[in-house]
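Step one of this worksheet: look at the structure below.
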Number of protein chains: 2
Amino acid sequence: MKQQDRATQTKESILKAAEHLFAVQGYEATSVSMICDAAGVSKGAFYHHFETKQSIFLELMQRWLKGLDEQLVLIDESTEDVKEGLLSMGEIIGQVLDVGGPQLPIFLEFWSRAIRDPEVWDATVEPFQRYRDFFAALIQRGIDEGSLRDLAPHNTARVLIALAVGMLVQGLLDTGGEDWQDITQEALELLLHGIAAR
Amino acid sequence: MKQQDRATQTKESILKAAEHLFAVQGYEATSVSMICDAAGVSKGAFYHHFETKQSIFLELMQRWLKGLDEQLVLIDESTEDVKEGLLSMGEIIGQVLDVGGPQLPIFLEFWSRAIRDPEVWDATVEPFQRYRDFFAALIQRGIDEGSLRDLAPHNTARVLIALAVGMLVQGLLDTGGEDWQDITQEALELLLHGIAAR
DNA sequence: ACAATCATACCGACCGGTCGGTATGATATA
DNA sequence: TATATCATACCGACCGGTCGGTATGATTGT
C-alpha cells in the first residue's frame, strides 16, 4: 500500500477510536493512551498526526458541524414558506438526537470549557451563532413578506436556539423514552402562534 | 472557642473556598489541595469533613438548589393568576443569571457527568424534574380554570424548562451584554400567546 | 484520659507529552 | 534498472508532574 494511504488510514482509525471513546466515557475520562490502544496504534503515531489531545477533538467537532451546516443549507434552499422553514428545525433536532445522540454529551463538557478557553469557544460556540444568524435572516424574511409579526429577529432567533438547546439537554438527561422530536415540533407550533402575524 | 464552633467554621471555609474555585476554574481543574490552600486548611481537615472531592460538590449543589426551591414556593404562594405565574419564570432566570452566574458553568460540567454517574444525576438532574412537575401542575391549574388551552401539561412544562435551560446556556456562552431576562420575558409572552385559551 | 479536630508526610496510579531510534516507501542519479 | 539518499510514518520507553486519597501523629477542648 502507498505510504500516504496508510497514513490517512491510521489517522482515520485514531479519529474513529477517539470519537467512540469520547462518546462513551467523555473527553476528560479518555486518555491518549486509551485512544491509541483502541486504534491499535502507538502513542508516537498519535502525536505524529495530532499536536495535542485537544486538537483531535477540535477536528472531530469540525467534521460534525460540517454535517449540520449542510443540513441547514438544504433547508434554506428547499424552503419557500418561512413558517415551514422554522418548523423544520424540529426535524433537525430529532435527527441530531438520533444520529449524533451518543456523542452529544461531549458538547456539555466542551461548552463548559468554552467559557474559559477561547480556542474551544471558537470551535464549539461560534458555529452556533452562525445558526442563530441563519434563523434571524429567515425570520427577517418572514417579517418582510408579512407572514411574521415585526419582532426583533435576533432575539427571536435566540429564543429558537434556546428551545433547541434546552430540548437537547433535556433529551440527554431524561432517561425516559420521550419523543423529543414530537415535543419540539409541538413547541415550535406554539411559538409560531405567538410569532405569526394575526 | 468551642471545639464544635471551630469545626463548623473550618468546614464552612472549605465550602466557601471550593465554591469560589469551582466557579472560577471549574470542577476538574480545581484540585483538593488548591481548595485547602485557599481555605487555609490542611488536607487532613478536608478529608475529615468530606468523604471525597465529589461529596463537597454535592453538598454545595444541595444548598444551591434549596435556594431555588424556596423561590419557587414563594412564587407558588403569591400567584393568583396562572399566566402571571408562568411569566415570573423569566424573573427567576434573570435572578439565577445574576446571583448564581459565576457558578453556573459547573452545571454544564456536572450535567455531562450526570449522564454516567447516577449519584451526580440524583443531585443535579432529578431536582429539575421536580421543577418541571411544578410547572406542569401550574399549567394543569390553568387548563382547569379555562385560561389555558387543553395541552398536555407535562410536555408544555418540558418546553418551558427547555426555554429556561437554553437561555441559561446561551447566557453563559454569549459574551455580549444581552439582557437575557428581557429576552426570556419576551419569549415567554410569545409562548403564552400560543398556550393561552382563545 | 479520651475523643474530636486538624497537620504532615507520603503513596501509587496515571496523565499528557517527548524523544531517540527504526522501518519503509518515495525520489533522484547513474 | 539498480542503488544511494532522503522524507514520512511510526514505535514504545520514558519524563516531570499532578492527582485523589491515606496513615499517623500532634493539639486541644471536655
Side-chain angles (χ1 to χ4, degrees), chain A residues 1-22 24-61 106 109-110 112-113 116-117 119-120 123, chain B residues 1-22 24-61 106 109-110 112-113 116-117 119-120 123:
Chain A
M1 198 189 305
K2 277 198 177 180
Q3 207 170 25
Q4 251 199 18
D5 290 350
R6 182 166 170 73
T8 47
Q9 210 175 34
T10 298
K11 186 173 181 182
E12 219 57 33
S13 74
I14 293 176
L15 278 166
K16 200 170 169 184
E19 183 179 22
H20 177 241
L21 287 176
F22 286 165
V24 177
Q25 311 180 332
Y27 174 82
E28 294 255 26
T30 300
S31 71
V32 175
S33 309
M34 294 171 73
I35 298 175
C36 294
D37 285 353
V41 155
S42 75
K43 228 172 174 181
F46 182 98
Y47 280 100
H48 177 73
H49 288 285
F50 302 96
E51 280 201 349
T52 65
K53 184 191 175 189
Q54 183 162 294
S55 70
I56 197 183
F57 165 80
L58 295 180
E59 183 150 343
L60 282 173
M61 177 66 71
I106 326 177
E109 222 171 325
F110 272 81
S112 69
R113 278 178 162 242
R116 284 138 196 151
D117 186 334
E119 193 185 4
V120 176
Chain B
M1 197 188 305
K2 276 194 179 181
Q3 209 169 24
Q4 249 199 21
D5 289 351
R6 181 162 173 71
T8 47
Q9 209 174 35
T10 298
K11 183 172 181 181
E12 220 58 34
S13 73
I14 293 176
L15 278 166
K16 200 171 169 183
E19 182 179 22
H20 177 242
L21 288 175
F22 286 165
V24 177
Q25 311 181 333
Y27 174 81
E28 294 255 27
T30 300
S31 70
V32 174
S33 310
M34 294 170 72
I35 298 175
C36 295
D37 285 353
V41 157
S42 74
K43 232 173 170 182
F46 182 97
Y47 279 101
H48 176 75
H49 288 286
F50 302 96
E51 281 199 349
T52 65
K53 184 192 175 189
Q54 183 163 293
S55 71
I56 198 183
F57 165 80
L58 294 179
E59 184 150 342
L60 281 173
M61 177 64 73
I106 326 177
E109 221 171 325
F110 271 81
S112 69
R113 278 180 162 239
R116 284 136 195 152
D117 187 332
E119 194 185 2
V120 176

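In the text below, chain A, chain B and the rest are named by the order of the sequence lines, each starting its count at 1.
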Looking only at heavy atoms, what is the nearest atom pair of [X] and [Y], with distance?
X	Y	result
A7(B)	H49(B)	O-CE1, 3.6 Å
M61(B)	A123(B)	CG-O, 3.5 Å
V41(A)	I14(A)	CG1-CD1, 4.0 Å
Q25(B)	M34(B)	OE1-CE, 3.0 Å

>> I want to confirm an ordering. Mapping H48(A) and G44(A) to their closest nucleotides on DNA chain D, which one lands closer to the 5' end?
In response: H48(A)
Nearest-neighbour nucleotide for the [X] side chain, [options] considered:
X	options	result
K43(B)	dC10(D), dA9(C), dG17(C)	dA9(C)
A45(B)	dA7(C), dC10(D), dG16(C)	dA7(C)
T10(B)	dG21(D), dC6(C), dG17(C)	dC6(C)
S42(B)	dC10(D), dA7(C), dG17(C)	dA7(C)

> If you measure only the distance, is there a donor-acceptor pair under 3.5 Å linking the side chains of Q54(B) and R113(B)?
Replying inline: yes
> Between the base of dG21(D) and the side chain of K53(B), is there any donor-acceptor pair under 3.5 Å?
Replying inline: no
> Relative to F46(A), does K11(A) satisfy both conditions: NZ or CZ under 6.0 angstrom from the six-membered ring centre, and within 45 degrees of the ring's axis?
Replying inline: no
> R6(A) CZ to dG25(C) P: how many Å, rounded?
Replying inline: 9 Å
>> Tell me which residues in residues 28-38 of chain A lie within less than 4.0 Å of DNA chain D, going by non-hydrogen atoms.
In response: none
